[in-house]
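To keep things clear, I will list the structure first and then write my remarks on it.
Being a predicted model, the structure only gives us computed values, none of them experimental. Numbered from 1 within each chain, the chains take letters A, B, ... in sequence-line order. Values below: every heavy atom of this structure, side chains too, minus hydrogens, waters and symmetry copies.
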Number of protein chains: 2
Amino acid sequence: MIPLAQVTSDALSQRLGESGLRSTPQREIVYDILIKRRDHPTADEVFARVKAELPTISLATVYNCLEALVQCNLIRQVNFDRGPTRYCPNLHPHAHFHDEVTGSTYDIDLPPGIVEQLKAQLPEGYAVSDVEIMFRGKTRERRPATVEHTTR
Amino acid sequence: MIPLAQVTSDALSQRLGESGLRSTPQREIVYDILIKRRDHPTADEVFARVKAELPTISLATVYNCLEALVQCNLIRQVNFDRGPTRYCPNLHPHAHFHDEVTGSTYDIDLPPGIVEQLKAQLPEGYAVSDVEIMFRGKTRERRPATVEHTTR
DNA sequence: GCAATAATTAGAATTATTCTAATTATTGCT
DNA sequence: AGCAATAATTAGAATAATTCTAATTATTGC
């Protein structure tokens, strides 16, 4: 298994604290769920998985937890067209590939420099906080070696 | 005024026909509206503008027309996070810059080759139909007339 | 000119997300 | 430890964008 950039419970608590947020059992579990299976789940899917461990959690809390984790940069949101927002704990610079047939989303690693090259296209006075790159298409049927995971 | 890549009424009709769709007054007006002011309006905004010319049009029809135009590749959809879908008649390869402060969206021209360079990052067997690049950030305050969008 | 097909319309339905108000938990003081 | 202040959670209601539905109107091919 490839070692994944993740964060211990203590570190999570610290990161939340830095953004003026508290660590709670709900937030820890939501983060764990995302780390355990990195398949870009929707809030609803996270809700379903978390309920297995903490049946009393509410959907509103899942949204709150996801927002908290986004806010302190532990996870990223991913949107494809009009679909529901998906959540991604991969913090390395990467693009997303959305398979239009299966609905799966894959992470695509980007070589260093290419994002800077893109930013260089911006006119004077455009201050970028974030760049997002998304591919749409389909994957040839295969058992992916390099690929992260499948949704649904 | 810089000449804009656009399509005559006849050509519009032809392009629709190629996709098995009919040309209608509603579709022509919706397309005209997008060409006239290329500021990435939402379906609601398009609806409001079209109503000035054709007061009987319905929102459902605007959605239908926009979908038809997307389908025959005369316009593109742009999505930023959870915001409503916006529509863009710029067919040249370009990225989008979304100003988080004002909510405006600007076209960013891309030099040839960079999209290919991105596609080259994909593993074997990933067939791309479309690439989308979006910047999020803010623009230094300037006269809005010059920056509404880049034109070709 | 007529049947078949497609597009339009108004409004209802759906979906994802956000908001609200009440409750519960946590923190920082003394 | 006790207590006020603050933050988080919860269930359910509200919202916003989009899609669906069923009836009507327009267009096309014969």
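Of the residues in residues 56-63 of chain A, those lying under 4.0 Å from DNA chain D by heavy-atom distance are A:T56, A:I57, A:S58, A:A60, A:T61.
The residue among B:T85 and B:R22 whose nearest nucleotide of DNA chain D lies closer to the 5′ end is B:T85. Each of A:C65 and B:R82 was matched to the nucleotide of DNA chain D holding its nearest heavy atom; the match closer to the 5' end belongs to A:C65.
Shown here are the side chain to side chain contact (heavy atoms under 4.5 Å, CB included) partners of B:S19, two or more places apart in sequence or in another chain: B:L21, B:C72. For A:D109, the side chain to side chain contact (heavy atoms under 4.5 Å, CB included) partners are A:H94, not counting sequence neighbours. Applying the side chain to side chain contact (heavy atoms under 4.5 Å, CB included) test to A:P111 and every residue at least two apart in sequence or in another chain returns A:I114, B:Q121. Remark: A:Y87 engages no residue in a ring-ring contact (aromatic ring centres under 6.0 Å, His included) (not counting sequence neighbours). Legend: residues meeting side chain to side chain contact (heavy atoms under 4.5 Å, CB included) with B:E18, ordered by chain and number and at least two apart, are B:Q14, B:R15.
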I'd like a table of donor-acceptor pairs (distance under 3.5 Å, sequence neighbours excluded) in which one partner is a side-chain atom from residues 58-69 of chain A, with atom names and distances.
residue : atom : partner : partner atom : Å
A:S58   : OG   : A:A60   : N            : 3.4
A:S58   : OG   : A:T61   : N            : 3.2
A:S58   : OG   : A:T61   : OG1          : 3.1
A:N64   : OD1  : A:R27   : NH2          : 2.9

Show me the donor-acceptor pairs, under 3.5 Å and distance only, between side chains in residues 47-57 of chain B and residues at least two apart or in other chains.
residue : atom : partner : partner atom : Å
B:R49   : NH1  : B:D39   : OD1          : 3.1
B:R49   : NH2  : B:D39   : OD1          : 3.4
B:R49   : NH2  : B:D39   : OD2          : 2.8
B:E53   : OE2  : B:K36   : NZ           : 3.0

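The salt bridge (charged side-chain N to carboxylate O under 4.0 Å, His left out) analysis of residues 72-89 of chain B, with sequence neighbours excluded, yields the pairs B:E45-B:R86, B:D81-B:R136.
The distance from atom CG of A:D81 to atom C1' of C:dA16 is 15 Å, rounded to the nearest whole Å.
At a cut-off of 3.5 Å, with distance as the only test, no side-chain donor of A:D99 or A:S104 sits close to an acceptor on the other residue.
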Original post:
Tell me, what's DNA chain C's dot-bracket, Watson-Crick or G-U with both distances under 3.5 Å, | for other-strand, [ ] crossing?
Top reply: ||||||||||||||||||||||||||||||
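Bracketed by its first and final contacts, the part of DNA chain D lying under 4.0 Å from non-hydrogen atoms of chain A reaches from D:dT6 to D:dT19 in 5' to 3' order.
Under a 4.5 Å side-chain heavy-atom criterion applied to ILVMFWY residues, the cluster that includes A:V78 comprises A:F80, A:M134, B:V78, B:F80, B:M134 as well.
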